Amino acid sequence: MARVLVADDDADIRDLVAFKLTQSGHQVTAVEDGMAALRALREGPPDLVLLDIRMPGMSGLDVCRELRAAQETASLPVILITARSQEGDVELGFSAGADDYIVKPFSPRELSSRVNAVLSRAER
Amino acid sequence: MIPLDFITGALLYLLAVGLALSLLVTVIRGARTLRRRRRERVAAPVRGLLLELLCAPEEEQGELLERMARIDRRTWTALEPTVAAMLGKVSGRARTALVRLYEMRGSAAQAVADLGSRSAVRRGRAAQVLGQLRHRPATPSLCRLLDDRDREVRLAAARALGRTGDPAAVPHLLRSLHGPRAVSPKIVTAALTSLGADAWHRLAAGLQDPAPLVRAVAVEVLGVTGAIARTPDIVRALREDPETEVRIRAARALGRLGMPDGLEPLLAAIRPGQPAAPRIVAAGALGSLGAEAATGPLAALLGDPDPHVAGTVARALLRLGPPGEAALRGAVRDRPDTRAAAQARAVLAEAAVGGTRHDVLVEVSL
Amino acid sequence: MSLAAVGNWEGPLGALHDVITVCDTAVILYFLAINTGHLMLNLLALGEITRRLRRAPFAGYEDAAGSPFTPPISVIMPAYNEAAGITEAVRAMLLLHYPVFEVIVVDDGSTDGTLEALAEAFDLAEVDHVVPEDVPIRGSVLSLRLPRGGPVPLVVARKENGGKADALNVGINLARYPLVCMVDADSILDSQALLAVAKPFSDDPLRVIASGGVVGIANGCTVEAGRVVEAHVPSDPLGRAQVVEYLRGFFLGRTGWSRIGGLLIIAGAFGLFRRDAVVAVGGMDPDCIGEDAELVVRLHRYMREQGRRNRDYRIVFVTEPISWSEAPSELRVLGRQRRRWQRGLMEILLKHRRMIGNPRYGRVGTVAMPFYVLFELAAPLVELSGLVLMPLGVLLGAVDVAFLWRFLLAAYVYAMIISLVSIAVEEYAYHRFSRWRDVWGAFVGVVVENVGYRQFTAWWRLRGMWDALNRAPQVWGSMARSGFGSEQIPEGGKRT
């Protein structure tokens with residue numbers, strides 16, 4: 001049972017992720033872009049953030065860097081959603097400070113397991 | 001003499017047309033907004049069902065599928081774009097469920113029928129759907145579509161064949177490379193690559209084809225998919241094929257395959273006095289191959305007059321590890337004012353900063 | 001044919017009367033011809049766009065995004081004194097959705113700290129470099145910088161100031177990949193832009209040598225972190241007129257030309273070319289003001305002179321709205337821009353005058369270039385002389401006032417109809433403008449474009465043509481030919 005923030009410009013992915021994670025027992029907030037994600041973070045930091053790497057406006061990488069730069073959110077667990085085609089995405093993601101990544105197309109079941117894994121890692 | 005009435009009439013007519021167009025713009029926009037809202041409204045109740053299906057455990061999928069299969073036609077039409085979009089975004093059990101859903105609704109059968117439609121757009125869309133569904137039974141029909149009179153339909157068929165994964169398509173794909181209704185070699189190469197190891201046996205036949213484009217594609221696919229058993233054939237292609245393009249692909253393939261048999265022919269291919277393009281690719285391939293024995297011959301080429309050859313040679317040396325690096329430093333130290341030293345310095349500096357740029361890719365076409 | 005003549009005149013006044021009548025007739029015919037020409041282009045474009053829309057579901061974009069065979073691209077961005085926006089622009093470029101590409105920024109001797117801004121933002125380190133000389137350059141490369149320790153595919157070169165074309169040539173030499181994409185430092189690209197503009201090269205690799213994209217007007221749009229998030233029509237009349245003009249001339253006009261194989265202009269703000277083709281024709285011409293369009297014309301010329309007929313090569317236009325640029329919002333700046341553009345066009349047509357009307361150059365020579373001469377070069381002249389001659393005609397009684405105002409109105413309405421068609425097509429095909437207010441703004445733009453805007457730009461375009469005639473026109477033979485002699489594209493496009 002954790003609070004999760006999802007940011008993705010694709011409505012289908014947003015709804016799918018929100019549905020699956022709610023089904024797994026988490027509380028999910030879904031936003032459309034990077035700016036909205038930062039706003040939501042300021043209102044009350046969640047336990048985990050899921051960011052799509054490529055969004056119009058602020059990308060997931062930008063948001064991740066912003067998170068790591070700020071004191072309160074520096075150790076907030078971040079999972080980046082990347083596209084299978086982009087070779088450098090994973091490297092870029094990790095150098096921006098992400099904890100894990102999930103590649104599109106993904107399986108909802110796998111998503112849920114990764115989220116749980118990252119959450120339990122963070123608890124320790 | 002243009003009568004006044006005529007010009008007045010023309011003016012009124014034009015004004016009417018102008019007004020009509022302005023109205024048209026408004027109508028188009030309005031209609032789109034209405035249509036979108038209506039579709040969302042109709043699809044809303046079942047959207048949740050779709051999400052449930054995607055996230056459901058195995059046991060519950062059957063029942064959900066039944067319910068979704070029974071949705072009425074109007075609702076399904078409104079929901080279908082979302083389902084199609086989801087098909088590309090999910091994998092695993094969720095994806096299998098969607099494919100099953102399409103089958104239960106008869107979409108696969110309908111698409112196969114549409115492959116014979118008189119409308120090119122329907123044929124193309126049907127090919128796309130069948131590819132998305134990875135519907136193998138459609139393979140023979142898709143192969144026939146490779147000869148379609150519409151170019152984009154041919155491309156869609158080739159892509160779909162790549163996804164269905166049926167190696168029986170290989171000879172058809174190779175044949176589609178030439179002729180008046182040819183398919184883009186890039187698309188065919190991508191499709192053949194998706195077929196993986198199953199395609200190797202039939203691809204080998206392509207190595208002997210009289211058409212150079214077919215040989216080039218066959219060599220490239222074998223290299224990318226790692227068909228190391230075919231190394232001797234590819235070596236032969238590098239040494240003997242009359243077409244430069246085939247030799248270039250062969251060199252690249254040998255680099256990808258990484259087998260020691262590749263070393264000698266690649267060393268022969270970088271020798272001066274040959275066209276630049278194969279030399280560049282062969283040098284890059286030697287870097288991928290990683291054989292230390294290549295260090296000497298490569299180092300000798302650091303001063304090559306063609307800067308692209310010399311640059312690729314320098315990068316290849318770097319990829320050979322410590323002996324290559326030593327050769328580069330040697331060039332800087334021993335002959336500091338030469339072209340060779342300049343290339344070596346450039347590559348070493350790049351590596352020191354933390355990233356080497358990719359090799360030049362010589363992209364040519366027959 | 002004479003207009004409604006009022007009274008009979010004799011002697012020298014009578015001769016003048018006849019001359020005026022003839023001129024006025026000519027102006028009328030010209031108006032009809034130019035608008036009909038644009039209408040035909042628009043209709044061609046409409047057909048092409050509808051066709052592409054219907055085929056979009058099986059166009060294969062998703063495949064291209066994930067395929068290892070999608071050709072890698074070197075994006076070249078020349079920059080001069082862009083310190084304010086360069087970091088964001090480069091960052092946005094690096095985040096484009098494309099499998100493999102690199103971004104090469106060429107600092108053309110900036111004096112405002114452009115290089116320093118980049119060096120700080122991306123942690124750049126200077127490295128030794130070897131610059132190949134595939135294309136001749138004038139200003140030498142002073143330094144090369146790469147980002148430290150990260151997988152960021154960025155190269156920043158600093159060179160002596162030499163102009164945009166020379167900077168692009170340096171970029172071409174440094175480019176590593178088989179396709180080069182030329183962008184401006186203030187071009188705003190959609191994340192799918194490279195995928196869209198590279199698609200023709202995947203679908204038809206044996207023939208396509210260049211593809212260009214629509215460059216929309218960024219004024220009034222919501223731009224966040226280097227992406228146009230929402231497209232709007234700006235709220236000032238000048239902006240609105242420009243949006244409509246871009247829709248008609250750019251979006252529809254060039255699509256129409258692309259359809260019949262006569263595309264002469266690919267915007268410097270966003271164009272994708274085969275590197276070997278650009279090298280073979282010698283790169284950009286630093287002495288030409290319209291170096292982007294001149295490259296395209298030269299490519300056509302080269303490919304035709306090599307013996308390739310219409311079928312064997314293609315220069316295409318991609319219609320999706322994927323790139324944006326800021327348009328002038330002040331009259332003065334707009335005037336300067338149009339003056340420069342017209343001068344560039346004139347220089348190009350003079351330089352390649354051998355191609356005009358010449359069937360050896362296919363549709364480019366027989367249709368496109370004459371069209372440009374007749375309807376782009378001559379248009380400002382005819383427009384302004386019409387403005388003078390018509391009242392003169394009324395004064396001399398050669399033209400009946402009642403006829404004149406009806407005709408003028410009809411002519412303007414005809415022109416507006418052409419613009420309305422392009423708005424309708426945009427609305428139908430891409431509907432990027434999200435608010436009803438934008439539709440209203442577009443309508444206002446249609447009126448302003450034809451009444452006031454076009455006349456204003458006609459004056460500046462005339463001055464541009466005068467500029468071009470005053471400076472010595474660039475003659476084909478005097479251009480540096482080293483690229484041609486040593487590296488040609490032989491049959492099949494192989495680089496030897």
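From a predicted model like this one, the values you see are computed outputs, not experimental measurements. All chains are named by letter (A, B, ...) in the order of the sequence lines, taking the proteins before the strands, and each is independently numbered beginning at 1. Computed over heavy atoms, backbone and side chain alike; hydrogens, waters and symmetry mates excluded.
The greatest number of non-hydrogen atom pairs below 4.5 Å with chain C, out of B/Val129, B/Leu155, B/Leu24, B/Leu348, is found for B/Leu155. Chosen from B/Ile187, B/Thr26, B/Leu12, the residue pairing most often with chain C at heavy-atom distances under 4.5 Å is B/Thr26. In terms of non-hydrogen atom pairs under 4.5 Å with chain B, the most contact-rich of C/Ala402, C/Ala125, C/Ala411, C/Ser202 is C/Ser202.
In this structure, chain B has heavy atoms under 4.5 Å from both the backbone and the side chain of C/Val421. Only the side chain of B/Glu220 comes within contact range of chain C, with at least one heavy atom under 4.5 Å from a heavy atom of that chain. Proximity to chain C is absent for every atom of B/Ala31, based on heavy atoms less than 4.5 angstrom apart.
B/Glu350 approaches C/Val127 most closely through the heavy-atom pair N-CG1, 4.2 Å. In terms of heavy-atom proximity, B/Val121 sits nearest to C/Phe58 at O-CE2, 3.5 Å. When all heavy atoms of C/Leu420 and B/Ser22 are compared, the pair lying nearest together is CD1-OG, 3.8 Å. A pairwise comparison of heavy atoms in C/Glu427 and B/Val25 identifies CG-O, 3.9 Å as the closest pair.
Put simply, the side chain of B/Arg125 never gets that close to the backbone of C/Arg55: no donor and acceptor are under 3.5 Å apart. At distances below 3.5 Å, at least one donor-acceptor pair connects side-chain atoms of B/Arg159 with backbone N or O atoms of C/Ala59. Counting only distance, with no hydrogens or angles, the side chain of B/Arg32 and the backbone of C/Tyr428 share a donor-acceptor pair below 3.5 Å.
Distance check, rounded to the nearest 0.5 Å: OH of C/Tyr414 to CG of B/Leu14 gives 8.0 Å. The distance from the CZ atom of C/Arg54 to the CD atom of B/Glu152 is 12.5 Å, given to the nearest 0.5 Å. With rounding to the nearest 0.5 angstrom, the CG atom of B/Leu11 is 13.5 Å from the OH atom of C/Tyr412. Atom-to-atom distance recorded for C/Ile423:CD1 and B/Arg29:CZ is 11.0 Å, nearest 0.5 angstrom. Note that the CG atom of C/Asp63 and the CZ atom of B/Arg163 stand 4.5 Å from one another [nearest 0.5 Å]. Rounding to the nearest 0.5 Å gives a distance of 13.5 Å between CZ of C/Phe407 and CG of B/Leu4.
With contacts defined as side-chain heavy-atom distances shorter than 4.5 Å, the pair C/Ser67/B/Lys186 does not qualify. No side-chain heavy atom of B/Gln128 sits under 4.5 Å from any side-chain heavy atom of C/Pro57.
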Steps toward side chain to side chain contact (heavy atoms under 4.5 Å, CB included) verdict (C/Asp134, B/His308) | CA-CA 10 Å; C/Asp134 296 330; B/His308 292 293; 2.6 Å; yes
From CA spacing to verdict: side chain to side chain contact (heavy atoms under 4.5 Å, CB included), B/Arg151, C/Asp204 = CA-CA 10 Å; B/Arg151 187 172 66 92; C/Asp204 201 358; 3.9 Å; yes
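Within 6.0 Å of CH2 on C/Trp436 lie more than 12 heavy atoms contributed by other residues, nucleotides or ligands. Enclosure of atom OH in C/Tyr61 by more than 12 non-hydrogen atoms of other residues, nucleotides or ligands within 6.0 angstrom is indicated.
For a heavy-atom cut-off of 4.5 Å, chain C lies close to B/Thr189, B/Ala190, B/Thr193 in residues 188-195 of chain B.
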